[in-house]
Amino acid sequence: MNKVKRPDKRAERSRRTREKVVEAARELFLAQGYGATNLQEVADRAGVAVQTVHFVFRNKRTLFKDVVDASIAGNTEPVATMDREWFRAACAEPTATG
């Protein structure tokens, strides 16, 4: 019997929460700076409990790393920048276009 695999709702909800937190942190880091932003403010902006931020990211430094990674890569997918199609395409170009 073939089983149709349904999308994992918990994983999808987790991914969306992670993206909301990363986006909230990015906005706050840009507006008031990394040092002046605390995790409670990030949680409030993202609409989650501060415990959720701690559980997902452990600390502000890890959250900052994810913000930078998402800013460079364009999303929070767990794919290295150098493995992304846009990066490979850019490297394959003979010269930069202006």
Side-chain angles (χ1 to χ4, degrees):
M1 175 186 239
N2 288 337
K3 291 185 178 181
V4 176
K5 187 171 183 175
R6 295 185 328 208
D8 185 352
K9 290 181 182 180
R10 179 181 285 172
E12 178 61 22
R13 203 168 38 244
S14 176
R15 184 190 62 75
R16 281 191 312 236
T17 297
R18 183 180 193 89
E19 287 178 354
K20 284 191 329 188
V21 172
V22 168
E23 180 59 22
R26 185 188 69 77
E27 291 169 1
L28 289 167
F29 292 158
L30 287 172
Q32 57 193 44
Y34 172 79
T37 301
N38 66 53
L39 293 181
Q40 182 64 59
E41 293 171 306
V42 173
D44 292 345
R45 167 90 44 116
V48 301
V50 71
Q51 294 87 347
T52 300
V53 178
H54 284 287
F55 178 77
V56 173
F57 297 97
R58 295 186 311 274
N59 56 51
K60 190 165 83 167
R61 183 172 36 189
T62 303
L63 174 56
F64 182 68
K65 179 199 170 298
D66 279 23
V67 168
V68 171
D69 288 349
S71 296
I72 292 169
N75 60 38
T76 59
E77 295 299 316
V79 178
T81 301
M82 292 180 5
D83 291 337
R84 292 175 180 267
E85 184 57 39
W86 64 263
F87 185 86
R88 289 181 182 194
C91 290
E93 289 296 317
T95 61
T97 58

Subject >> All side-chain contact (heavy atoms from CB on, under 4.5 Å) counterparts of Arg26, not counting sequence neighbours >> reply: Glu23, Leu30, Val67, Ser71
**OP:** Take Val56 and Val21, measure what side chain to side chain contact (heavy atoms under 4.5 Å, CB included) needs, and give me the verdict at the end.
**Re:** CA-CA 9 Å; Val56 173; Val21 172; over 6 Å; no
**OP:** Specify the closest pair of heavy atoms between Val22 and Ala70, including all atoms of both residues, with the distance to one decimal.
**Re:** CG1-CB, 4.0 Å
Subject >> Counterpart residues, salt bridge (charged side-chain N to carboxylate O under 4.0 Å, His left out), relative to Lys65 (two or more places apart) >> reply: Asp69
**OP:** With sequence neighbours left out, write down each residue that passes salt bridge (charged side-chain N to carboxylate O under 4.0 Å, His left out) with Glu27, or none if nothing qualifies.
**Re:** Arg45
Subject >> Where at least one partner belongs to residues 36-63, residue pairs that pass ring-ring contact (aromatic ring centres under 6.0 Å, His included), sequence neighbours excluded >> reply: none
Original post:
Taking all non-hydrogen atoms of both residues, which atom of Phe29 and which atom of Lys60 are closest, and how far apart?
Top reply: CZ-CG, 4.2 Å
Original post:
Who passes side-chain contact (heavy atoms from CB on, under 4.5 Å) against Arg16, sequence neighbours left out?
Top reply: Glu12, Arg13
Original post:
Roughly how far, to the nearest 0.5 Å, is OG1 of Thr52 from CZ of Arg18?
Top reply: 12.5 Å
**OP:** Name all residues meeting the side-chain contact (heavy atoms from CB on, under 4.5 Å) criterion together with Asn38; count only those two or more places apart in sequence or in a different chain, and write none if there are none.
**Re:** Gln40, Glu41
